[in-house]
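Just below is one structure, and these are the notes that go with it.
Below, chain A is the first sequence line, B the second, and so on; all start at residue 1.
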There are 2 protein chains.
Amino acid sequence: MSHTLGIRQAQKQKTRQALLDAALRLLEEQSLSSLGLREVTRAVGVAPTAFYRHFRSTADLGVALVEEALGSLHPMIRTTVSAVDDHDERIKRAVELIARHVDAYPAHVRFIARERHGGVQPVREAIREQLARFTEEVRTELAKDPESAGWSDDDLLMLAGLYVDQMLSTASLFLETLEAPEEERRRVERLATRQLRLIGIGRSHWRDGTT
Amino acid sequence: MSHTLGIRQAQKQKTRQALLDAALRLLEEQSLSSLGLREVTRAVGVAPTAFYRHFRSTADLGVALVEEALGSLHPMIRTTVSAVDDHDERIKRAVELIARHVDAYPAHVRFIARERHGGVQPVREAIREQLARFTEEVRTELAKDPESAGWSDDDLLMLAGLYVDQMLSTASLFLETLEAPEEERRRVERLATRQLRLIGIGRSHWRDGTT
DNA sequence: CCATGCAGTTAACAACTGTTCTCCGTAAGG
DNA sequence: CCTTACGGAGAACAGTTGTTAACTGCATGG
């Protein structure tokens, strides 16, 4: 349907992306609520007023960044949580996947971790929404597992929330090891693996007390 | 040893505390990295230059706020994690304790959640340090429990980290229910309780596979 | 009682911010 | 081909920021 999209709109999206990229880089050392619009345009090499052609405010830009950081991540979740059925293998792959994602998009991960509880309400909301989607998707995937027999929807959501929180916590830890020795990374990898394993054990004995 | 501390230093600590209080209030709607020194002094009703008599910068003030928010919390941790030996009772008390703390000091909790991954490095460091202390204290307390027989120090630290993360996550959820209907608070209470219970179950079966 | 030290004030600085209005060049669409 | 629409530039605005300097009043310690 979309035919090559004229040179006009192409250039527009190009500068829009440049603004997003520059903002993301600047946000590695500050929070969104202190990011100035002039600061961003200066980094791109464009007039301050050009900013308004793309975003109403820096908060608006932040919401767009949330979409960029988390929007394309949903397919990966599904395939990972329900990959193989050997427990330890699944955990190992999940941890490796997180590690690789942090390696590939450190600025995005940092942005999400920072602004999840940050000072800009619309951005917090956008992140909360995306994470709620993740949690819902994880629950759906967990429900398919035969191990979830006898689980209430509520309990599955509880477990899914635990997994999503753990995912974020692990990503944040990997972020701190980016400029640290390889040994530190290994340590975090082992820590995250064992925490996931413990949660998995709790999961498999959850219904033990019930008839 | 400290004899009533002269009227001079008393007044100084009074304005210092006023600066901290004003900053904490302003930080409910923004991040530390966007908090201006003039903004704080204006809120207190004092000249901008007076700020320098107490803090070198707003980052410095932030570190002081971390101390205020977390410094006095350590004794509470110890007594809670090792209170009664009925599992469900212990969990119930822990969740209630968190809820009450969020009720009593919402701004402090918000500040910690926000700046833990925030844009000001010295503050992140200070929070990380305090949380590491918490984790260490929880581990020490867990080690006393007979249920920890056969656990390595490393595994105990892993479990303690899980508990501390869960504590923060729960506090953050309670924060969002502050202006929400009572029903929401109940929901979070139940969620946190079941998540802690699942972790507890995982804990009690952790050593099952080992000889 | 008097000299010192220090919390807080006042004034001024250059630099920066978000936003508005006016303008320009040019791709797009008839 | 010619008009329109639009991405971007430029200049100017009032207001804000952090930081410096020189000051004032008063509690403090000898």
Would you indicate what [X] reaches in the nucleic acid, counting non-hydrogen atoms under 4.0 angstrom: base, sugar-phosphate, or nothing?
| X | value |
| --- | --- |
| R42(B) | sugar-phosphate |
| T15(B) | sugar-phosphate |
| A50(B) | base |

Between dT19(D), dT9(C), dA7(C), which nucleotide has the shortest distance from any of its atoms to the side chain of R8(B)?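 The closest nucleotide is dA7(C).
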Taking the minimum atom-to-atom distance to the side chain of V46(B), which one of dT19(C), dT9(C), dA9(D) wins?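 Closest nucleotide to the V46(B) side chain: dT9(C).
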Between [X] ([atom1]) and [N] ([atom2]), how many Å, whole number?
| X | N | atom1 | atom2 | value |
| --- | --- | --- | --- | --- |
| L35(A) | dT17(D) | CG | C1' | 16 Å |
| R56(A) | dT19(C) | CZ | C1' | 15 Å |
| L37(A) | dT20(C) | CG | C1' | 13 Å |
| E39(B) | dG15(D) | CD | C1' | 14 Å |
| H54(B) | dA7(C) | NE2 | C1' | 7 Å |
| Q9(A) | dC6(D) | CD | P | 10 Å |
| Q13(B) | dA27(D) | CD | P | 18 Å |
| R53(A) | dA27(C) | CZ | C1' | 15 Å |

Does this structure show an ion pair linking [X] with [Y], if we count only N-O contacts that are shorter than 4.0 Å?
| X | Y | value |
| --- | --- | --- |
| K144(B) | E141(B) | yes |
| R185(A) | E189(A) | no |
| E89(A) | K92(A) | no |

Phosphate contact (dT10(C) OP1 or OP2) by T49(B) side-chain N/O below 4.0 Å: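 False: T49(B) side-chain N/O out of range (4.0 Å or more) of dT10(C) OP1/OP2.
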Measuring from H117(B):NE2 to I112(A):CD1, what's the distance to the nearest 0.5 Å?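 Nearest 0.5 Å value for the NE2-CD1 distance: 12.0 Å.
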Does R38(A) make a side-chain donor-acceptor contact with the base of dT19(C), cut-off 3.5 Å?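 Answer yes: a donor N or O sits under 3.5 Å from an acceptor.
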Quick one, R203(A) with L142(A), criterion side chain to side chain contact (heavy atoms under 4.5 Å, CB included). Give me CA distance, side-chain angles, the key distance, then yes/no. CA-CA 11 Å; R203(A) 177 190 176 197; L142(A) 287 174; 3.7 Å; yes
Taking the nucleotide of DNA chain D with the nearest heavy atom to each, does I7(B) or Y52(B) sit closer to the 5' end?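 Going by which nucleotide is closer to the 5' end, it is Y52(B).
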